[in-house]
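Reviewing the structure listed below.
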Amino acid sequence: MNSPRHIAIIMDGNGRWAQQRGFKRIKGHERGAEVVREITTYCANHPEIEVLTLYAFSTENWKRPKMEVEFLMKLLDNWLKKELATYQKENVRFEVIGDISRFTPALQERIRLTKEATKDNDRLTQVLALNYGGRDEIIRACRRACEAKKEITEENFEEFFDAQIGDVDMLIRTGGEKRISNFLLWRIAYAELFFTNTYWPDFTPQELETLIEEFKGRNRRFGAI
Ligand code: IPE
Ligand code: IPE
Ligand code: MG
């Protein structure tokens, strides 16, 4: 009956949620951002959950129309500005994985400031995966290890990642697709996988709770018997 320490979510289905309602895709991203707050607050109020990692923008998402990419960047900037109050209220530390060097200097600065302002919060760590690719993360980690002239082992490899957040216990993908889309490749080696057809803007703390109950019923053997 173990609870998940680290939950990771591929927040998919924003565009389809909006289109189904006759809205532009960006409406789905707006509603999706509110769900991020609801799910983060839920996790912050469940002490057994220590890390919540959310896939917000992939290294592949640059292929989207320029307008949508620009909207997502703006949304992120506004979000961080506005949500600092929530991070402080819920005692949440903000962390980032991904190569943010491709973002505008202003957005990079906003990310830095948010991390700095929340660095002593210790109830929950919320990790946003931004310009994140699992392969990119592994390659960059290998480069760092080479530069430091350090040998890589299974135990120390994570040291070279952008953030040390540990292995994922529970990986959830909303939106109906059953794929990993280059998310957290190293850390999901033994994660329990959950796929729900619910579009991210419709995902609720109640559904998360139901999935966590299912997680607790799973028999994790890690290769043993
Ligand atoms: C996920 O929703 C959010 C991001 C990738 C930023 P999508 O935008 O992929 O929504 P669908 O999958 O097209 O419905
Ligand atoms: C994965 O969703 C990336 C994020 C949720 C940020 P996508 O919608 O980009 O993935 P694919 O295209 O279905 O693989
Ligand atoms: Mg999608």
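For ligands, and for the atoms within them, numbers begin at 1 and follow the listed sequence. Because the structure is a prediction, the values reported are computed rather than measured.
Both tests hold for Arg218 against Phe194: distance to the six-membered ring centre under 6.0 Å, angle to the ring axis within 45°. Taking the ring centre of Trp17 as origin, the terminal cationic atom of Arg31 falls outside the region bounded by 6.0 Å and 45° from the ring axis.
Under 4.0 angstrom from ligand 2, there are no non-hydrogen atoms of Phe183. In Met11, the part holding a heavy atom less than 4.0 Å from any atom of ligand 2 is the backbone. Heavy atoms of Gln19 found under 4.0 angstrom from ligand 1: none, in either backbone or side chain.
Residue-ligand proximity, Gly13 to ligand 1, at heavy-atom distances under 4.0 Å covers atoms 2 (O), 10 (O), 11 (P), 12 (O), 14 (O). Numbered from 1 in the order shown, with element, the atoms of ligand 1 that lie under 4.0 Å from a heavy atom of Ala56 read 6 (C). Taking a cut-off of under 4.0 Å to the non-hydrogen atoms of Arg16, the atoms of ligand 1 that pass are 11 (P), 12 (O), 14 (O).
Atom CG of Asp169 sits about 14.0 Å away from atom OH of Tyr190, to the nearest 0.5 Å. Rounded to the nearest 0.5 angstrom, Tyr55 OH and Ile180 CD1 are separated by 10.0 Å. We find the CD1-CH2 distance between Ile10 and Trp200 to be 11.5 Å, quoted to the nearest 0.5 Å. Atom CD in Glu83 sits 11.5 Å away from atom CG in Leu76 (nearest 0.5 Å).
Annotation: Trp17 places no N or O atom under 3.5 Å from an N or O atom of ligand 1; distance criterion only. Remark: ligand 2 and Ser58 share no N or O pair separated by less than 3.5 Å (distance only, no angle test). For ligand 2, one of its N or O atoms has an N or O atom of Asp12 under 3.5 Å away. Any N or O atom pair closer than 3.5 Å counts here, and Gly15 shares at least one such pair with ligand 1.
At least one heavy atom of Arg64 sits less than 4.0 Å from an atom of ligand 2. Residue Arg25 places a heavy atom less than 4.0 Å from ligand 1.
The nearest protein atom to atom 9 (O) of ligand 2, hydrogens excluded, is given as Asn61 ND2, 2.9 Å; this is a heavy-atom distance. Regarding atom 14 (O) of ligand 2, its nearest protein heavy-atom neighbour is Ser181 OG, 2.6 Å. The nearest heavy-atom contact from the protein to atom 12 (O) of ligand 2 is Arg179 NH2, 4.4 Å.
Within the coordination shell of the Mg ion (ligand 3), defined by N, O or S atoms under 2.8 Å, Asp12 is present.
For the residue pair Glu207 / Thr196, a side-chain donor-acceptor distance below 3.5 Å is found, with atom types taken as modelled. In this structure, a donor-acceptor pair under 3.5 Å is present between the side chains of Arg173 and Ser181. Side chain to side chain, Gln126 and Thr40 meet the donor-acceptor criterion of an N or O pair below 3.5 Å. Remark: the Asn121 side chain and the Thr118 side chain contain no N/O donor-acceptor pair separated by less than 3.5 Å.
Here the shortest heavy-atom distance to atom 3 (C) of ligand 2, taken over Tyr55, Phe57, Trp200, Tyr132, belongs to Tyr55.
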Test log, rule salt bridge (charged side-chain N to carboxylate O under 4.0 Å, His left out), inputs Glu70 and Lys66: CA-CA 6 Å; Glu70 277 171 5; Lys66 191 160 171 266; 3.2 Å; yes
